[in-house]
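Report on the following structure.
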Amino acid sequence: MNCPFLSLKKIGLYALITLFFNSVFAQKIVNLPHVGAKSIKNHSFSNYQQVYHYKMDVALTVDFDEQILKGTVVYHLKRNGLSERSKSAKMAKNIRKTPTILNPELNENKVIFDTKGLVIKSVMGNDGLLNWGYGDSNEILGKALEIDVTEHDTLIQIEYRTLNAKELKQMGSGFISAIQWLNPGQTHDKNNPFMFSQSQAILARTWIPCMDVPEVKFTYNAQVFYPNNLNAVMSAQRFNSLPEFLQKYPLKHGEFQHFRKEIKISGSNAPAKYTVAYFYQSLPISSYLMAIAVGDFKEKRLSENCLVYAEPGLLEKAAWEFVDLPKMIDSASALYGKYAWKEYNVLVLPPSFPFGGMENPVVTFATPTIITGDRSLVSLLAHELAHSWSGNLVTNATWDDFWLNEGFTVYFESRIMEKLYGKDYAQMLAVLGMGELKKTLKDLMEIAPADTRLKLDLKGRNPDDGLTDIAYEKGRFFLVWCEQVMGRKLFDQFLNQYFKKHAFATNKTELFVIELTAFYEKNVKNGKLTKIDFNKNVKSWVYDIGFKEPIIVSAYLTEAESLSAQLNSLDHQNMIFAEESGLKLKNVTRSWTTHHYLHFLRNLDSLSFANMRFLDSIFHFSMTMNSEIAFDWCMLSIKSKYTPTYPFIKEFLNRVGRRKFVLPIYDFLIQEGQKRAQFWMKANNTNSFDMPKIPELKLAFDAYETARDGYHSVTRNSIDGLFQFDEWKK
Ligand code: BES
Ligand code: ZN
């Protein structure tokens, strides 16, 4: 094969240059014995079973010149197994002389944090510098930061910084960081830089040393220094000044270590170009919910406890789009209990945000691609809001239980949507969800059938592998099944007590199954339910591969479905839509919303060039700014080899960095390109080809060449994986 893939060679090269920086920068490294691979549980190196942080005092500077976060964090520690011995130790006079009270076999004389790509400057305990070093490491989990402590150390302070751009480059293309630094050109208004985090699932450790495992929950306060002209948020309540903060939360003895120290800094020593904001998260959260964003965004209030943040040029549009948020909060609270997090705000991020939304407490992060001008994609906000209960209050104990977060949330989201917009609307969304689930099931049954179970086994894998429609949609339809068996009233009763019972804690699938079954049986006993083999069914939903999809229909979507069928059958007979039918089509679709178009496009087979051209002339899909519709149009165009859409696809891939859109497009382009290349080589009796002859490959490469640098590393890393050409060359 000729080698037109210069750009890819570059990517390959990045992967080879993997340097480990931390050891270079470490100031006080001692050789500590390794903890051993057996302790790698739940995607964390930390020894949280022995000791964990229940509170953090964070002081961070957001340095856009260097593109780093730097500062200190004070961790307040609690020991699990030591309470009795601690008491007797405290009674002993000379506490400092009793370090043997810690059991080294249980790792009690160490505190182990997760880190990835952090430069640790110093580690202090209650009485000064502590010995520390790196333990186990691996590409997915990062490095264990092991700190020698004595029982006396109830506080640890770590001074550190994140890697700068040069160091990140040297880490290699496979390095994924939560933080993305954007230059002004990558923002909506194009005037100022922007940075944001995306910590879920295990990326909090790339910007803050922590026990990066959902079971460790902690509160935090923070002071963040950021450039004067910008704005800052964290997953916490925000205060503009220290007095404002202290008025609400007066300092208690031993708390807010940093505030005491940094008051001085922010007074006379603060660099002139920095502003400081204060944050307080008084409710315990898991590390994956730690979040920070700094950029030029302003706020617009929607209600007493709800506001929208967006870049100035997008703020009005965003506020208009999200106007129903206060109603959503009320509906959700009426369903499953009081909203716990005081405020519910949404920050609209630049288009490279790798997800649709992220449920960071107090401030959901959202992609700008849901701003369509017709409020048709606001179910995403219902989803992120629902996580305030399912996820942020009751959290999956491990990433194997991810469906407890997402399945519950999709179910809950659907209930919110039903309350606001009616049963038919919610049913329409369910039918679309089922369509996606069917596709996922089909694919996974071929490549990874075990991943179609709700309870996953992600040991040794990236928790990202669990991010499929199984957790979301199979999870949801399981809960819909529960609702049908128990009736809505009883099931809601169960959910209410479930959220109450496990609030601020975590839950495992196994425990959920036990509790659900017990609830069911109690209600059989008291005559409210008739007996079926409930537990067997539940176990099958949770632990079996695949599942028999229930047939569900939506009256809203039948029209779109029948139009797709008509067009498919015409196309099969090599017939072209005539002008008159175009008019008819326009009439029929006059009242269509985003979802009708999605259903219509998803149900189309590959179409002839003429029919694709016809469709585009009627609907102007190739000009749409609605990214959901754009995505489905791109996929249909690739399926149909309709090359006039290809420039649009290239532009779309460069404009949007949401992984859900861009990854499948690259994947499909490469798959279809491969097929075309093989066909071409056979026809020409050769085993090489020229790139320009294969439009799908050319498009994938050209687009990625320019778009790659702008993607968040989460997105970039997934796509890099697609460009592995060695296999298919054969
Ligand atoms: N918490 C997820 C996003 C996530 C999950 C990020 C796991 C990283 C790892 C969020 O709530 C979510 O589900 N977002 C969806 C939107 C939703 C409407 C299905 C997304 O980003 O597409
Ligand atoms: Zn979610």
Side-chain angles (χ1 to χ4, degrees), residues 43 140 176-178 180 196-204 206 212 214 235 285-291 322 328 332 344 346 348-349 351-361 363-370 376-396 398-414 416-417 426 429-430 432-433 436-437 440 456 458 461-476 479 594-595 598 627-628 631 656-664 712-715 717-718:
H43 297 98
I140 298 173
I176 308 177
S177 167
Q180 188 179 17
F196 65 87
S197 66
Q198 170 49 48
S199 300
Q200 198 180 11
I202 52 168
L203 297 177
T206 66
D212 200 5
S235 48
I285 61 164
S286 303
S287 55
Y288 78 90
L289 295 171
M290 286 297 285
F322 303 161
M328 287 185 180
Y344 182 81
V346 177
V348 181
L349 284 142
S352 70
F353 186 59
F355 293 103
M358 178 64 215
E359 65 273 25
N360 298 316
V363 54
T364 278
F365 286 9
T367 170
T369 62
I370 51 167
S376 60
L377 298 178
V378 294
S379 62
L380 184 133
L381 295 181
H383 178 96
E384 303 313 334
L385 170 67
H387 271 306
S388 306
W389 288 258
S390 45
N392 300 3
L393 275 188
V394 186
T395 312
N396 48 212
T398 76
W399 297 115
D400 290 348
D401 304 296
F402 183 53
W403 82 274
L404 286 181
N405 271 20
E406 297 300 341
F408 271 70
T409 298
V410 177
Y411 174 81
F412 193 171
E413 163 200 342
S414 167
I416 298 170
M417 293 307 282
L429 295 178
L432 285 164
E436 295 303 280
L437 175 58
T440 302
L456 295 168
L458 296 167
R461 298 165 67 189
N462 192 325
D464 237 29
D465 290 0
L467 192 48
T468 72
D469 276 319
I470 298 300
Y472 288 80
E473 294 294 346
K474 185 178 174 184
R476 171 245 288 266
L479 298 178
T594 303
H595 305 98
L598 299 185
S627 52
E628 290 280 353
F631 170 73
V656 170
R658 186 173 167 190
R659 189 171 65 174
K660 182 185 112 162
F661 295 142
V662 295
L663 180 65
H712 186 281
S713 55
V714 160
T715 304
N717 191 261
S718 308

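Order of listing sets the numbers, starting from 1, for every ligand and every atom in it. Count residues from 1 along the sequence. Fair warning: this is a prediction, and the values are worked out from it, not measured in the lab.
- With sequence neighbours excluded, no residue forms a side chain to side chain donor-acceptor pair (under 3.5 Å) with D400.
- Not counting sequence neighbours, the partners of E473 by the salt bridge (charged side-chain N to carboxylate O under 4.0 Å, His left out) test are R476.
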Pairs of nitrogen or oxygen atoms, one from ligand 1 and one from the protein, closer than 3.5 Å: please tabulate them with distances.
residue	atom	partner	partner atom	Å
ligand 1	1 (N)	Q200	OE1	2.7
ligand 1	1 (N)	E359	OE1	2.6
ligand 1	1 (N)	E359	OE2	3.2
ligand 1	1 (N)	E406	OE2	3.2
ligand 1	11 (O)	E359	OE1	3.0
ligand 1	11 (O)	H383	NE2	3.2
ligand 1	11 (O)	E384	OE1	2.7
ligand 1	11 (O)	E384	OE2	3.2
ligand 1	11 (O)	H387	NE2	2.9
ligand 1	13 (O)	H383	NE2	3.1
ligand 1	13 (O)	E406	OE1	3.3
ligand 1	13 (O)	Y472	OH	2.6
ligand 1	14 (N)	G357	O	3.3
ligand 1	14 (N)	E384	OE2	3.4
ligand 1	21 (O)	G356	N	2.5
ligand 1	21 (O)	G357	N	3.4

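- Using modelled atom types and a 3.5 Å distance limit, the side chains of H387 and T409 yield a donor-acceptor pair.
- The distance from the Zn ion (ligand 2) to the nearest N/O/S atom of E384 is not under 2.8 Å.
- Take Y411 and apply the ring pair (Phe, Tyr, Trp, His ring centres under 6.0 Å) test, not counting sequence neighbours, and it matches F491.
- Looking at E406 and K474, no side-chain N of the basic residue comes within less than 4.0 Å of a carboxylate O on the acidic one, giving no salt bridge.
- Taking the Zn ion (ligand 2) as reference, the nearest N/O/S atom within E406 carries the name OE1.
- Aromatic pair F353/F196: centroids less than 6.0 angstrom apart.
- Ring geometry for F631 against F661 counts as tilted: the plane angle lies between 30° and 60°, on a 0 to 90° scale.
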